[in-house]
Protein chains: 2
Amino acid sequence: MLFRRPSIISRKEVAKLAGVSEATVSRVLNNVGPMKEETRERVLLAAAELGYVPNALAQQFARRKSGNIGVILPFVPKVHLFSTYYFSEILSGIGETAKRCGYDLLLIFREPDEARDYAKLFRTQKIDACIVLGSQNVPEERAALAELKAGGFPFCLVNQRYDEEQYATVDADHITGSMAVVRHLVERGRRKVAFVNGPAQYSNSADRLQGYKAALQEAGIPFRQQLVYTGNYSRKSGYELAEQIAKQIRDGSIDAVFAANDRMAIGLMQGLRELALEAGQHYALVGYDDSDGSRIISPRLSTVSVPFYEMGKLAAASLLDQARGDETDPLRQHVLPVSLVPRETS
Amino acid sequence: MLFRRPSIISRKEVAKLAGVSEATVSRVLNNVGPMKEETRERVLLAAAELGYVPNALAQQFARRKSGNIGVILPFVPKVHLFSTYYFSEILSGIGETAKRCGYDLLLIFREPDEARDYAKLFRTQKIDACIVLGSQNVPEERAALAELKAGGFPFCLVNQRYDEEQYATVDADHITGSMAVVRHLVERGRRKVAFVNGPAQYSNSADRLQGYKAALQEAGIPFRQQLVYTGNYSRKSGYELAEQIAKQIRDGSIDAVFAANDRMAIGLMQGLRELALEAGQHYALVGYDDSDGSRIISPRLSTVSVPFYEMGKLAAASLLDQARGDETDPLRQHVLPVSLVPRETS
DNA sequence: TGCCATAATGTACGCGTGTACATTAAATTA
DNA sequence: TAATTTAATGTACACGCGTACATTATGGCA
């Protein structure tokens, strides 16, 4: 293996060695226009001989395309607010599709208090398209997304929708999922189903509430506001609701709890255990996400499985269609099915 | 908010509006060379007026720097082999430092059976430096890393070291961590400490074994090969060892287990529970990583806390020093301390 | 054979920036 | 004041690639 300064080898050297013009080298490598087979081979041979690798920066510049998909995600180290499983699965899904289409992933951490100038990423040409994870319905975010839309930049939201505005979206069917949970509980004879929801700035929370209400109505159970609690999707927030909920379990006004994610369900479960109330015994419990934790805890937590990986794949695919103009409806709202996973707590 | 094709605004328009040459605009924006304050203001004003944003692709091309740090990580969707917590923490740490230094993160998923041409990423100029996560000591990987080193490309490994070759590394002190675990168990009166290790291609595994042995020796307990098991860091692999280990617990040849990570510890714990053996009661158990799961499971798992976030930060910092030539020892092997977290299982 | 369509290749230039070097303006010094 | 330095700015070009257009080779057809 001989050593050689790699950076000095450009199209020019290949052209010289192959005895053709630089344009021909370019055409061969990009497979554009008609060309003589013999020339093609000579160029490829020369390129291989020299170990030529096209300069991606020059390519990007000349093509006016970065070839990058931006992935915007919340910056939450040490804060176990979101399921890390959630992100890594979605990210893997995005990565799989992106790679297949020749795109790279540019990771962008959104900082809580920072201006969310997503459009700038496009204006600088750093990214050709982007996927927004963990989007929250707050004013700065809405402004940032509106600017993206106004600029005609292709982007896609995962797990969040906005009622005010139409955006390309990939989401899971949390309404149906939540209905399935409540139905399941009702089928098991529970009729006093409490609901521990997440913050309102996530459309997920609203969806789950809607599903919860719909299923209650379907079962002829009146909705009661005092059975609805709000946490922030963290385990701690679930834990902290234990005392209040314990009281209601004891006085008979709650016989089941549906928590909007596993983390809160687990926190609640632990809190209630400290108060001598066992899930699956003194009350039924169902979480949401089918996270690792739901399988680890005992009794094993009933939950709802969400196809995060597929959502990531779909988001990337839809985005790239959009960027290519292949997507018939650029504001398509994809909704993937979820599935109930009954286990020991219900 | 007026609409305007953003892409047509380049340095040229700014120069014209400010009444200066393009070079002056460039100098003002890059703050290079002496310049009249009045000119500076005029240029900045013009830039702001036009909403000028430099084209990052052109900058990268002209500077011959992508401004990207590559992060190579294993592609393991649906395979909960690694702790996803591990990756998200390290990634956040890297991202924090990178952003502070004006770098972006380019995510690269390593596929199992794919050629690992890390050097190509540098040759194409897609990245200026890179961090390798989840590196395994296998021939292709060694070759890829050796090529990086030979090419003089700045890179850094996290959580993996190679004995054959010196590379810049950020690792945690798993030898001391493992010793602390065994000491802890011995202090609690355990003397028959089994060890469930991970695969040998991770230096982490070797480190833990070394610490295990050292602590046994320190306590005057002879090392016995039949107390050493090997899993693959997955929960399942821990679960599957339950039967064998149960036997040894029952016949008195094991009274404690040290598992090389929490996932295996948890799997084992669940497996043993099915065999009517309870952690913290019939045997002591200590895991490693201080993952979410360790806090979720009951009884809560004793474990070792690893500063993943800090490791990510340090890796990025050391890498950027290296790239700038500020690092005195470009092959520096950082080792961060870990800490024992005794909980209910020991 | 001559003409034309098409294949194959070369020439030339743009992409937007950074920057070396040239030039001019201003400040300093003799 | 003239000479000299230094500040400030302009001119010109490279960076490596894609590609429109020009040019030349090739083959088909009358």
Side-chain angles (χ1 to χ4, degrees), chain A residues 5-44 46-47 50-68 102 120-126 128, chain B residues 5-47 50-68 102 120 122-126 128:
Chain A
R5 283 290 309 118
S7 57
I8 60 161
I9 289 171
S10 74
R11 199 176 61 173
K12 196 201 293 192
E13 285 74 38
V14 178
K16 193 190 290 178
L17 180 60
V20 296
S21 73
E22 290 191 49
T24 298
V25 175
S26 185
R27 278 187 291 252
V28 167
L29 295 178
N30 293 337
N31 203 27
V32 56
M35 66 194 82
K36 213 189 286 180
E37 179 58 22
E38 187 252 328
T39 310
R40 215 181 78 86
E41 283 167 8
R42 226 178 40 245
V43 168
L44 292 177
L50 295 172
Y52 169 70
V53 181
N55 181 325
L57 297 183
Q59 287 183 318
Q60 291 168 5
F61 176 52
R63 293 178 177 142
R64 279 170 287 276
K65 293 258 174 208
S66 68
N68 291 151
K120 190 169 182 180
L121 295 164
F122 284 94
R123 284 195 241 276
T124 60
Q125 313 251 55
K126 275 193 178 180
D128 300 332
Chain B
R5 284 291 309 120
S7 57
I8 60 160
I9 289 172
S10 73
R11 196 175 63 173
K12 196 201 293 191
E13 285 75 40
V14 177
K16 191 189 292 178
L17 181 60
V20 298
S21 73
E22 289 191 50
T24 297
V25 174
S26 185
R27 278 188 291 251
V28 167
L29 296 177
N30 293 336
N31 202 26
V32 55
M35 65 194 83
K36 214 191 282 179
E37 178 58 21
E38 188 251 330
T39 309
R40 215 180 78 86
E41 282 167 8
R42 223 173 49 241
V43 169
L44 292 177
L45 198 71
L50 294 172
Y52 169 70
V53 181
N55 182 325
L57 297 183
Q59 288 182 317
Q60 292 167 5
F61 176 51
R63 292 177 178 145
R64 278 169 286 275
K65 293 257 174 208
S66 68
N68 291 152
K120 190 170 182 179
F122 285 93
R123 287 196 240 277
T124 61
Q125 313 252 57
K126 275 193 178 179
D128 300 331

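Every chain is numbered from 1 and lettered A, B, ... according to where its sequence line falls, protein lines coming before strand lines.
At whole-Å resolution of the value, CD in B:Glu41 and C1' in D:dA8 are 16 Å apart. To the nearest angstrom, P of D:dC15 lies 15 Å from CD1 of A:Ile9. Counting to the nearest Å, the P atom of D:dC17 and the CG atom of B:Leu57 are 15 Å from each other. Going from atom CG of B:Asn55 over to atom C1' of C:dG18 covers 13 Å, rounded to whole Å. A:Leu29 places its CG atom 9 Å from the P atom of D:dC17, with the value rounded to the nearest Å. To the nearest angstrom, P of D:dG16 lies 8 Å from CD of B:Gln125. Summarising the geometry, the separation between CG on B:Asn31 and P on C:dT19 is reported as 13 Å, rounded to the nearest angstrom. Counting to the nearest Å, the P atom of C:dG16 and the NZ atom of B:Lys65 are 24 Å from each other.
Residues passing the side chain to side chain donor-acceptor pair (under 3.5 Å) test with A:Ser21, sequence neighbours excluded: A:Thr24. For A:Glu22, the salt bridge (charged side-chain N to carboxylate O under 4.0 Å, His left out) test picks out A:Arg11, with sequence neighbours left out. Shown here are the side-chain contact (heavy atoms from CB on, under 4.5 Å) partners of A:Ala46, two or more places apart in sequence or in another chain: A:Val14, A:Leu17, A:Ala18. Judged as a salt bridge (charged side-chain N to carboxylate O under 4.0 Å, His left out), and not counting sequence neighbours, the contacts of A:Arg40 are A:Glu37. With sequence neighbours left out, A:Glu13 forms a side chain to side chain donor-acceptor pair (under 3.5 Å) with A:Ser10. Judged as a salt bridge (charged side-chain N to carboxylate O under 4.0 Å, His left out), and not counting sequence neighbours, A:Arg27 has no contacts.
In terms of heavy-atom proximity, B:Val20 sits nearest to B:Val43 at CG2-CG2, 3.9 Å. Nearest heavy atoms, A:Ser66 versus A:Gln125: CB-O, 3.1 Å.
Contacts classified as salt bridge (charged side-chain N to carboxylate O under 4.0 Å, His left out) and involving residues 51-65 of chain B (residues at least two apart or in different chains) are not found.
A close approach under 4.0 Å does not occur between any side-chain nitrogen or oxygen of B:Gln60 and OP1 or OP2 of C:dT17. Regarding contacts with the backbone of D:dC17, a side-chain N or O of A:Tyr52 is found under 4.0 angstrom from either OP1 or OP2. Between A:Arg63 and D:dG18 there is a side-chain polar atom (N or O) within less than 4.0 angstrom of OP1 or OP2. In this structure, B:Asn30 reaches the C:dG18 phosphate: one of its side-chain N or O atoms is under 4.0 Å from OP1 or OP2.
Side-chain proximity of A:Ser10 to D:dC17, C:dG16, D:dG18: nearest is D:dC17. Listed candidates were D:dC15, D:dG18, C:dT17. Nearest to the side chain of B:Phe61 is D:dC15.
Comparing the start and finish of the helix from C:dT1-D:dA30 to C:dA30-D:dT1, five pairs each, the helix axis swings through 50°, to the nearest 10 degrees.
Judged by atom type and distance alone, A:Arg64 does not reach the base of C:dG14 through any side-chain donor-acceptor pair under 3.5 Å.
Counting heavy atoms from C-beta outward, A:Leu44 and A:Leu29 have side chains that approach closer than 4.5 Å.
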Produce the list of close N/O pairs, under 3.5 Å, pairing protein atoms with atoms of nucleotides 7-11 of chain C; give distances to one decimal.
from   : atom 1 : to      : atom 2 : distance (Å)
C:dA8  : OP2    : A:Met35 : N      : 3.4
C:dT9  : OP1    : A:Thr39 : OG1    : 2.3
C:dT9  : OP2    : A:Lys36 : N      : 3.0
C:dT9  : OP2    : A:Thr39 : OG1    : 3.4
C:dG10 : OP1    : A:Ser21 : N      : 3.4
C:dG10 : OP2    : A:Ser21 : N      : 2.8
C:dG10 : OP2    : A:Ser21 : OG     : 2.8
C:dG10 : OP2    : A:Thr24 : OG1    : 2.5
C:dG10 : N7     : A:Arg27 : NH2    : 2.8
C:dG10 : O6     : A:Arg27 : NH1    : 3.0

